[in-house]
Structures are given as C-alpha cells and as structure tokens.
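Working notes, structure below.
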2 protein chains.
Amino acid sequence: MERPRRPTITDVAAEAGVAASTVSRAFTHPGRVNQHTRAHVLEVAARLGYAPNPLAQALESGRTSTVALVVPDIANPFFVGFVKGAERALASSQRTLVLADGRESAVAEEAVVQRLHRSVDGFVLVASRLDDDALRRAAALAPVVLVNRVTTGLPGVVADYVGGAEQIVSHLASLGHRRAVVLGGPTGSWSGARRWTGLQVAAGRHGVEVERLGPFSPTFEAGAAAADAVLGLRSAAGRDARPTAVVAHNDLLAMGVLARLAERGASVPDELSVVGFDDVFGAALCSPPLTTLAERSERAGALAVDALLSGGAPVGPGQPPQVVPTHLVVRRSTGPAPAPA
Amino acid sequence: MERPRRPTITDVAAEAGVAASTVSRAFTHPGRVNQHTRAHVLEVAARLGYAPNPLAQALESGRTSTVALVVPDIANPFFVGFVKGAERALASSQRTLVLADGRESAVAEEAVVQRLHRSVDGFVLVASRLDDDALRRAAALAPVVLVNRVTTGLPGVVADYVGGAEQIVSHLASLGHRRAVVLGGPTGSWSGARRWTGLQVAAGRHGVEVERLGPFSPTFEAGAAAADAVLGLRSAAGRDARPTAVVAHNDLLAMGVLARLAERGASVPDELSVVGFDDVFGAALCSPPLTTLAERSERAGALAVDALLSGGAPVGPGQPPQVVPTHLVVRRSTGPAPAPA
DNA sequence: TTGAAAGCGCTAACAA
DNA sequence: TTGTTAGCGCTTTCAA
C-alpha cells in the first residue's frame, strides 16, 4: 500500500554519474551510447527499480502506444472476437488497448472519440454507427480504421458478406429451396445493407425468390416477433408460394427465431430451414445447432490494428478496404426443402 | 487526414490576453477565477477548439483517469459481464478502461501489470491467476482490487459461491438426488476451490454424497472427457450407488458435458441432471437449457471499479471483500432423480 | 484575482 | 560519445 516515489531518470543519472540524456539514450537509442556506459546505466537503473514513465514519453513524442477500440456493445458476443484479435495484435508490440462501448448510439460513439482522441494513437471503429460526416470528423482528430463499415477515404477491414451471401443461397438452393424470407437488421446498419444486397444478388443468380421482413432488432428477444411474422407470411401464402427458408440478420435473431418456432410447433429444418450470420458462441449449442456464416473476427481486429499502426501507408480516397473471407458453417438448422404438397 | 497542430494552453492564453495559469484555472478551478475572465477564456478556448491535453495533465498530477481491467481470457463469455460493468462505471465518470488479457497465465498477467502500472490509476484483476506474493508485488506498484479472488490485505469483490452452492444442492436434494458428481475446474483456481468447498458443505447439510472428478479445463471441449468419466463412474457403481446429478465447474464445461451425453445416448434430465456455474450467454440456448448459478458480473465489475476509485477508504488487512449475491436459474437440465430400480 | 516562474519526467537538438 | 539546454502542455506555488 505504501507507495514510495518512483525513481526518475534524474535519480538514475545522478547515481550512475552521467547526464539524464545519457540514461535516456541507454534506454531508447542503444546504438548511440558507449557499450560500457550503457551497461553501467542499465545496471544502476535495475538496482534502483527504474523504468521510463510512459506518460512523460508520450507527452514528449505525442505517441501514446495506445489504440482505442470502439464497439457498439461490449456485451454482444459477436464483438468479442474483434476485441481479442485487437488486443493480441497490440500486446505483441507492447501496446495498450483501450476499450470503449458505443452504446449502439452515434452520439455516444462520437463522444467517446472526442474524449479519447488525445490519449490514443488512433481508433478502430467496429460496425460504427457514425454517419459519413461524423466519421470524417473523427478521422480529422486521430487516425481511424473502420471494421465492417466503409466510407471513402478511410481505411477499413470488411468481411466478405457478398461472397458469404452467395454461399448461403447456394447452400439453400442446392437443398431445393425456392423461396426464402430475409429477416432484416436495424435500418442504417451498414452490414445489414450489405448482407441484404448480397442475398438479393445471389438469389437472382440461383433462381431463389427472396422477401424481406423487418427491420428487427439484432437480439434474441426480437426473434419471437420475427418468427411470428414468418409464420404469418406462410399461412397467408398459397401452398406452393410458401417460403421454406429463413435467413436472419444475425445469429442472435436466428436463435430467437429457433426458440419461437419450437414453441409454436414448427419443426426446423423439416418445415423451415434457418440460417444466421456471425457464428457467435452459442450458435453450435442451440437446438437445432444453427447453420451460419462465420466471419474471422479475430483476424479482422488484428488487421485493423495493423493497418492503424502501419499508418505510414498512405490511404488515398481510392484505397479499397481489406476483405476478410467468410465461410458457411452448415449445422442442423438447414435441410432439404419440404415437398410443396 | 491532415492534422494541424492542436491549440495549447499558451495559444489560448495569448489569444485571450491572460496568463497560461489563468486559462488552466478557468478549466480546473472555476472558483478561483473571476467570472468574467473565466467566461472570456472559455469563449476563446471554444473558438480555437482547445481542450486540455490529458497526457500533460496526467504527467503533472500523476493521475491518469484510467483503470486497467485484466481478465484471464477476453474471449471467454463469462468475463464480458465484468468488462461491461467496469466500462460503464468508468465512462460514467469520464474515465477510461484499458483492457488486458492475462492469457490464463500468471506470468503473462504479471507482465501486464508491470507494463501498465505507470499508465493507469489502478488495476481490477478478475479471477487472477497470480499467487499471493505476486498479488502483493502488484499492489505495491499500483492500487489493486480483486474480483473473485481473495487475499488478505487487498480489497475485493466476490460472488457468493457458498450461498450459491447451497442453492444448487438444495435444488438437487429437493428433486430426490442423493449422489452427485462434481466436475472440478483447474487446480489453483480460487473460484474452483470455493465452489467445491461450498458444495461439500451444502451436501453435508442436505445428506447428499458428492464425489469430485477432475481437474478439467473450463472449456466446452473438456466436456467430452468429463462426461465420459461420469458415465464410467456410473457403470462401475452398483445400481443404487450411481450418481444421478452432475455439477460442473462452469457452464462451458457443463455444455460440453450435455453435448457428449446426448452423443452417447444418456438422457438429460431423465437419467442425469446437470448443473453449471455462471449463466453465460448460451446457457439458455443449449439443449436442454442449462440450470446454472448466475452471478451478477456486471455489478461486480462496477463495484470493483468503485472500490478502486474511492481508494481513500482505507483497506486494512481485516477488510472483508464485498460479496455479490448469486441466484440459481433453473432450466431443463435438472429434473427428478430417476428411481434406483 | 492574476501573473511569473518553476517543474512534472522525458527527449532532442546542439555543442563539446 | 557525452553533457548542456530547451522544451512537450499543463499545474502550482509564490508574489503582487
């Protein structure tokens, strides 16, 4: 509990009989110091328990060796992969992760950027809720790398939702599905828009009809309403016009749908196939286990950090985002389309 | 991208025609400045887009308005509650959360503390892997608050595992279970030890026999081996000596057990009841949904941060940790004990 | 109530 | 190769 004053560079200098600048150099520019002096300085420093004060270093250099990661909701399991990947990438270069929660809100997210921009070397904004103008304002304050969001002029890392949508639709088509319902995510969700257009394109290519319901909140709870909407649609449609597959905006919603369908006695996948996005923890454990599009979120987090730190690389207006592949994990929530009988 | 030099306190002072110290006071000691001067200074500051540099403030004061939270594994869903709660508590007082991953390793965790202690106002160590000596070394570097770990002399916040174990055993006993297997967590896990002793005490009180297997890694994957061990025990035991309930060290392990039991055709809860600890995301979604002891982890995270910040409150050697209540969430993985026939 | 000056701990010219 | 000097941006004595 008793915390004595930490030794400073001056203490070490005095004790070692050299100038403070020499001590500084011994630590940060080993080449520019005599081998002997350096060894002696380090020995004295070790004996005194000295270590450079990162705050003072940061004040001088302007660099903090710290990166802020902002996610819409820390508690959402979908985002933990990004956090993990970013932390790994940072820790491996002795840097520090500041984690902030954007509260699913543009206002909160912008406040976070305002508050932190002097204390960090840059931001990784995951699934940012900010509009293009706000993103530009943020980027004027500190370097920004986007994840699963694109705006011209800012570097980014995105999952390949287009390729992923193709995998989903092709999987469903090969099982004989001809009509699918897409449960849309929140309006304004960039990834939601990408997923939807990807699905439309793929559906066109495979001769599958898709209809979109929603928007739905991307939560387990919203699944009940979504499932009811799907069942309503089915009973309103003629026998042979019934959708046989559901593609949900994300896994949480899909799992909520599964739960509700079970409650209402609709069997999955016999009557209805269900697909999600994200492959979150839990997707393999629900009943039936969920077929879903997996995204390499740890890798995306690490790539974003790398992009931020290698900031030298000029990111012109034309720089395309890095694309991280996705892959479909087929589990038991999808099966052959039921005969129209 | 172009980032012009940010205005400093000197710029504002010059522009406002006052001394730098007056600007400083206008921001940090509103009382000690003439109303008029203050208004004028703030107006100029706003016009110039000035905001105090937190790094410089920190260098001066030694306080960083930053707290580090160290968890054994960021990707483990069990820990996200603590992170969320801590972030909330910090953001509400304009402070910053640094998140670090202890890699389930004492060495890595101590390295993290070494690396960060100059840059933060203190540490919240969740389920720390450090031994008592290492904890004391850490506390000598910076204020430390423990979560779900206790050592004399350090403040802490712990879940009420003793009361929780009582709830679990009483629930099982009331369902007629007389023999239970406890699947132990990693050796050296403080919470594991608490859970086990709590279960033993409660078992004694309720006339339930408990046997411990393990240690098992607290992961889904380890569930297979654990389930096999339980089944082996059952077939070795005489008809009336068979355990009818399993209490797993945590939910991940319990879910792994459920998956393996299903694979091997053992029905839950008809043949065997299964209970977990933590109520992680996914526990409600697995099949059957898991009965588990829920812990208010967000609250624990917030309390730990509060304890750290209210550091004034002297924490003598005798200070007991704050206890956060737990509650049993009964789902469908537990049911009446099968008749011994 | 305000200003001048010193200093937080460190780094980076500039000389020597 | 090393020491001296002057800051980084801010806060805080100490006087006025």
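Chain A is the first sequence line, chain B the second, and so forth, proteins listed ahead of strands; every chain is numbered from 1.
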Looking only at dT1(D), dG9(D), dC10(C), the nucleotide nearest the I9(A) side chain is dC10(C)

Would you say dA12(C) has OP1 or OP2 under 4.0 Å from some side-chain N or O of H29(A)?
yes

Under-4.0 Å salt bridge between R149(A) and D132(A) | yes

Taken to the nearest whole Å, CZ/R25(B) to P/dA4(C) is 11 Å

Checking all strands, does T28(B) fall into the base, sugar-phosphate, or nothing category for heavy-atom contacts under 4.0 angstrom? sugar-phosphate

Exercise for the section: For S65(A) and Q94(A), test the side chains for any donor-to-acceptor distance below 3.5 angstrom and give the result as yes or no. Expected result: no

Note to self: Would you say Q57(B) places a side-chain N or O within less than 4.0 Å of OP1 or OP2 belonging to dT11(D)?
What the structure shows: yes

In whole angstroms, the gap separating P of dT2(C) from CZ of R32(B) amounts to 13 Å

Check: Can a donor-acceptor pair under 3.5 Å be found between the side-chain atoms of T37(A) and the base atoms of dT2(D)?
Finding: no

Could you check whether V23(A) gets within reach of a base, just the sugar-phosphate, or nothing at all, counting any heavy atom under 4.0 Å? nothing

ask   = Should the ring pair F79(B) and F82(B) be called parallel, tilted or perpendicular, given that the plane angle runs from 0 to 90° and is split at 30 and 60?
value = tilted

note: R118(B), atom CZ; dG9(C), atom C1'; distance rounded to Å ~ 9 Å

key: Carboxylate-amine/guanidinium contact K84(A) D73(B), below 4.0 Å   = yes

Assign each of G31(A) and S21(A) the nucleotide of DNA chain D bearing its closest heavy atom; nearer the 5' end lies the nucleotide of G31(A)

Whole-Å distance, L48(B) CG to dG9(D) P, equals 14 Å

Here the distance between atom P of dT11(C) and atom CG of L59(A), to the nearest Å, is 11 Å

Original post:
Hey, does E60(B) reach any base, or is it just sugar-phosphate, or nothing, if we go heavy atoms under 4.0 Å?
Top reply: base

To the nearest angstrom, the CG-C1' distance between N53(A) and dG7(C) comes to 14 Å

Picking from dC10(C), dG3(C), dC10(D), the nucleotide nearest the side-chain atoms of V18(B) would be dG3(C)

Side-chain contact check for N34(B): nearest option of dG3(C), dT2(D), dT1(C) is dT1(C)

* Examine distances only and state if a side-chain atom of E15(B) and a backbone atom of V44(B) form a donor-acceptor pair shorter than 3.5 Å. => no

Rounded to whole Å, the CZ-C1' distance (F27(B) to dT11(D)) equals 14 Å

- Could you check whether S24(B) gets within reach of a base, just the sugar-phosphate, or nothing at all, counting any heavy atom under 4.0 Å? base

Whole-Å distance, R38(A) CZ to dG3(D) C1', equals 19 Å

- Query: Can you find an N or O donor on one side and an acceptor on the other, under 3.5 Å apart, linking the side chain of R6(A) with the base of dG9(C)?
  - Reply: no

